[in-house]
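The next block holds one structure in the form of structure tokens; read it before the comments.
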Amino acid sequence: MSRAVLTNLAHLDAMRVRLTPPLQPGHTTFRLAEEPSVEVVWTYAERLPDGAYLPCGGGPLVGPDRYAQGAFNADDIARAAVVYLRHWRSTGAGTSRSAARQLLRGLCFLQTVTDSLDDPRTGNVVLWQQPDGILNPSGEPPEPPDPSDSAESAWLARTIWALGEGYAAFRDDTPDFARFLQARIRLAIAALRRQVVPRYGQWRVVDEHATPAWLIADGADLTGEALLGLAAYVEASQDDDVRKILEQLAEGVTAMRTGTPWTWPFGAVLPYGLSRTVWHGWAGLAPAGLARVYEVAGDLAARDAALADAASFTPHLLVAGGPDNLRIAPPGATESLTIDGVQLAYGAQSRVESLLATAHATGRSSLSTLAGIAGSWFFGNNPAGAPMYDPATGRTYDGVDIPDEPTPGAPHRGVIHRDAGAESTIHGLLAMLALDADPHAAAIARIATGEPEACRETAAAGADLRCLALSDPLRGAQLTLLRSMATSTRATDVLMPGDVPATVSVNDPSGEELEHYTTTAGRIRALVPAGGFTIVHTAPPT
């Protein structure tokens, strides 16, 4: 029997808009005279009382068809282009090829092009665009930098991501368009050379730690997303000048790895260059970028940082409740405090992609299983206990909110925010594309119902072991993830009811599998290495 495909582009398709931008100084795109219309993506989609969705822009309306921020933004256009690029490359769908091309054309219109490389705007990107195609360099409320094309930014990093993957995809398919994308990514890289690269090798003392000063907008998270595009571009072009910048930026992201398997932040690549105590859900794609740098440039330090985040921090995150928006602890602590417990698709998807990218780069198959566990967030393993992604429509809801006053008697602490805007939908689809490409991870992701009773034995074993137990009532599959906080091997009983075989995978803190064996379900005695993780899994009969 064929496996169901999870990726459904319908909702994102409905959020795409074709417009004809009026002439604006410093802004043009590929074949604009011959093809005056481009595509963009609505920023938000509000759920109406009848269950339909209304696309809308950012901020309140301040005039007819005009938003305080804008209707469309470069961040979402860039990431939507990545969705369609990856879908086209994985399925061969011509509709996705066309969507990717038109979105890249729309994105490039937002990039500022002037006659002088010394102009501080050249190569940077305007964030907001109004429904009539007019660009809005200064939205309300303003976001740094202001104007939005005046300096390095998140949207510059994401534009590089999309242009790099776009160049790699179109290089052999449409050479003239690929050459245009190459010129635009070089323009963006020139902006990095002006704004970021001069800080290479400079360090700040942050929370008593030497911290790299050459991250894009002080973000390892943002720089990690740029690494995805730069790695794709370097791999396709063999451009040695860009390879050097790729390696320099990767060095900065790698330096944000900190902690041990036993102490905060447990090997995570921290997101923000001005803090060594804070982790947030936007941090997740940096390890994916580092894994790709290892594949393209052979950077062993980047590989090791990706492994530490994927195999040490992420299992800890999964057993601790998932990708909360904000966790904080002083370096060396053994526990973190959740400051913001809201969870978003961005945080969940970035865990999935980073795990699978690191698994692909290193050959450590247990990371694929962890990716499935991270992906189960979309199918019910979240604070709301309900699916966040709907395969029938392609919608991903905007997040799981945590009410200040929980409803008495409610089985779960979270409540689904059922709007389905571009960012949530995009990251849901990026997760589904990754899961569709890895059937093992996809099967694990559907085991999404929490089973707290199954962790009773682990709780009795002491605080050194943490547990997450999931089940799929329809298929009978079960999974238990154990994460050790101990400095020596621990043992615990794992209850896996039934008489089907159970597989046990025992892994060290770098994700290297130490043991893999099959036993009979029931009461299973499981060993967990110091700082490592063990997965016990029963699959339903085929």
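- Here CG of Leu9 is found 12.0 Å from CE of Met432. Values are rounded to the nearest 0.5 Å.
- Taking 4.5 Å as the limit, some side-chain heavy atom of Gln102 sits within range of a side-chain heavy atom of Glu35.
- Counted by atom type alone, Glu165 and Tyr233 present zero donor-acceptor pairs between their side chains at under 3.5 Å.
- A salt bridge links Glu295 with Arg292: the distance from a Lys NZ or Arg NE/NH1/NH2 to an Asp or Glu carboxylate oxygen falls below 4.0 Å.
- Of the N and O atoms on the side chains of Thr112 and Asn124, not one donor lies less than 3.5 Å from an acceptor on the other residue.
- At least one donor-acceptor pair closer than 3.5 Å links the side chain of Thr223 to the backbone N or O of Ile216.
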- Task: List the steps, then state whether side chain to side chain contact (heavy atoms under 4.5 Å, CB included) holds for Arg395 with Tyr53.
- Result: CA-CA 10 Å; Arg395 294 189 195 107; Tyr53 281 80; 3.2 Å; yes
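- A side-chain donor from one of Ser505 and Glu513 sits under 3.5 Å from a side-chain acceptor of the other.
- For the residue pair His440 and Asp438, no side-chain donor N or O sits within less than 3.5 Å of a side-chain acceptor on the partner.
- Looking at Gln111 and His27, their side chains never bring a donor and an acceptor atom within 3.5 Å of each other.
- Counted by atom type alone, Ser37 and Thr20 present zero donor-acceptor pairs between their side chains at under 3.5 Å.
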- Task: For the pair Thr396 and Thr425, evaluate side chain to side chain donor-acceptor pair (under 3.5 Å) and give the outcome as yes or no after the intermediate values.
- Result: CA-CA 5 Å; Thr396 300; Thr425 296; 5.3 Å; no
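- Judged by distance alone, the side chain of Ser148 and the main-chain N or O of Val126 form no donor-acceptor pair under 3.5 Å.
- At distances below 3.5 Å, at least one donor-acceptor pair connects side-chain atoms of Asn382 with backbone N or O atoms of Trp377.
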- Message: As a quick check of understanding, evaluate side chain to side chain contact (heavy atoms under 4.5 Å, CB included) for Glu251 and Tyr200, giving each step before the final call.
- Response: CA-CA 9 Å; Glu251 184 180 340; Tyr200 174 69; 2.5 Å; yes
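- Of all the heavy atoms in Gln343 and Pro323, the pair that sits closest is CG-O, 3.5 Å.
- Between Arg97 and Asp173, some side-chain heavy-atom pair lies under the 4.5 Å cut-off.
- No donor-acceptor distance shorter than 3.5 angstrom exists from the side chain of Thr114 to the backbone of Gly26, with no hydrogens or angles considered.
- Rounded to the nearest 0.5 Å, atoms CH2 (Trp128) and CG (Leu110) are 11.0 Å apart.
- Counting only distance, with no hydrogens or angles, the side chain of Ser98 and the backbone of Gly94 share no donor-acceptor pair below 3.5 Å.
- Side-chain atoms of Tyr67 and Asn136, non-hydrogen and from C-beta on, never get closer than 4.5 Å to each other.
- With respect to the salt-bridge test (charged N to carboxylate O, under 4.0 angstrom), the residues Glu152 and Arg199 qualify.
- Between Ile535 and Leu370 the shortest side-chain heavy-atom distance falls below 4.5 Å.
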- Task: Could you walk me through whether Arg101 and Glu39 pass the salt bridge (charged side-chain N to carboxylate O under 4.0 Å, His left out) test, one step at a time?
- Result: CA-CA 9 Å; Arg101 179 181 180 276; Glu39 286 193 2; over 6 Å; no
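- The shortest side-chain heavy-atom distance between Gln69 and Glu143 falls under the 4.5 Å cut-off.
- No side-chain donor-acceptor contact under 3.5 Å links Gln238 to the backbone of Ala236.
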- Message: Apply side chain to side chain contact (heavy atoms under 4.5 Å, CB included) to residues Asp241 and Arg193 and explain how you reach the verdict.
- Response: CA-CA 11 Å; Asp241 288 339; Arg193 290 185 193 277; 3.8 Å; yes
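- Shown here is Leu300, whose CG atom has more than 12 heavy atoms of other residues, nucleotides or ligands within 6.0 Å.
- With Ser424 contributing its side chain and Ala345 its backbone, the two residues share no donor-acceptor pair below 3.5 Å.
- Enclosure of atom CG in Asp65 is not indicated, since only 12 or fewer non-hydrogen atoms of other residues, nucleotides or ligands lie within 6.0 angstrom.
- Annotation: cation-pi pair Arg186/Tyr167 absent, no NZ/CZ under 6.0 Å from the ring centroid and within 45° of its normal.
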- Given Asp398 and Arg47, is the salt bridge (charged side-chain N to carboxylate O under 4.0 Å, His left out) satisfied, shown in steps? CA-CA 10 Å; Asp398 274 354; Arg47 188 173 189 269; over 6 Å; no
- Show your reasoning for whether side chain to side chain contact (heavy atoms under 4.5 Å, CB included) applies to His87 and Thr7. CA-CA 9 Å; His87 188 259; Thr7 304; 4.0 Å; yes
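- Residue Asn73 holds its CG atom at 9.0 Å from CH2 of Trp155, rounded to the nearest 0.5 Å.
- Here the straight-line distance linking atom CG of Leu181 with atom CG of Leu163 works out to 6.0 Å at 0.5 Å rounding.
- Between Ser376 and Leu470, the closest side-chain pair of non-hydrogen atoms falls below 4.5 Å.
- If you check the side chains of Tyr84 and Asp13, you find a donor sitting under 3.5 Å from an acceptor.
- For Asp240, the salt bridge (charged side-chain N to carboxylate O under 4.0 Å, His left out) partners are Arg243, not counting sequence neighbours.
- At a cut-off of 3.5 Å, with distance as the only test, a side-chain donor of Arg364 or Ser510 sits close to an acceptor on the other residue.
- In this structure, Trp88 and Phe170 have tilted ring planes: the angle between them lies in the 30° to 60° band.
- Remark: aromatic rings of Trp214 and Trp203 are close, center separation under 6.0 Å.
- Side-chain atoms of Leu307 and Leu367, non-hydrogen and from C-beta on, do get closer than 4.5 Å to each other.
- A salt bridge links Arg351 with Asp309; the closest basic N to acidic carboxylate O contact falls under 4.0 Å.
- Annotation for His417: atom NE2 counts as buried by contact number, over 12 foreign heavy atoms lying within 6.0 Å.
- Annotation: cation-pi geometry not satisfied between Arg105 and Phe30 (NZ/CZ under 6.0 angstrom from ring centroid, within 45° of ring axis).
- In this structure the side chain of Ile426 reaches within 4.5 angstrom of the side chain of Leu430, judged on heavy atoms.
- Separation of the Trp42 and Phe72 ring centroids falls under the 6.0 Å cut-off.
- A salt bridge links Arg86 with Glu353; the closest basic N to acidic carboxylate O contact falls under 4.0 Å.
- The backbone N or O of Leu156 sits less than 3.5 Å from a side-chain atom of Ser153, completing a donor-acceptor pair.
- Each of Phe313, Phe266, Tyr272 was scored for a ring pair (Phe, Tyr, Trp, His ring centres under 6.0 Å) with Trp279, with one residue passing: Phe313.
- Between His360 atom NE2 and Ser368 atom OG the span is 11.5 Å, to the nearest 0.5 Å.
- A donor-acceptor contact shorter than 3.5 Å is absent between the side chain of Asp390 and the backbone of Gly394.
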- Applying salt bridge (charged side-chain N to carboxylate O under 4.0 Å, His left out), run through Asp75 and Arg158 and close with a yes or a no. CA-CA 6 Å; Asp75 277 335; Arg158 289 170 180 151; 3.3 Å; yes
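- The CZ atom of Phe180 lies 12.0 Å from the CD1 atom of Ile185; values are rounded to the nearest 0.5 Å.
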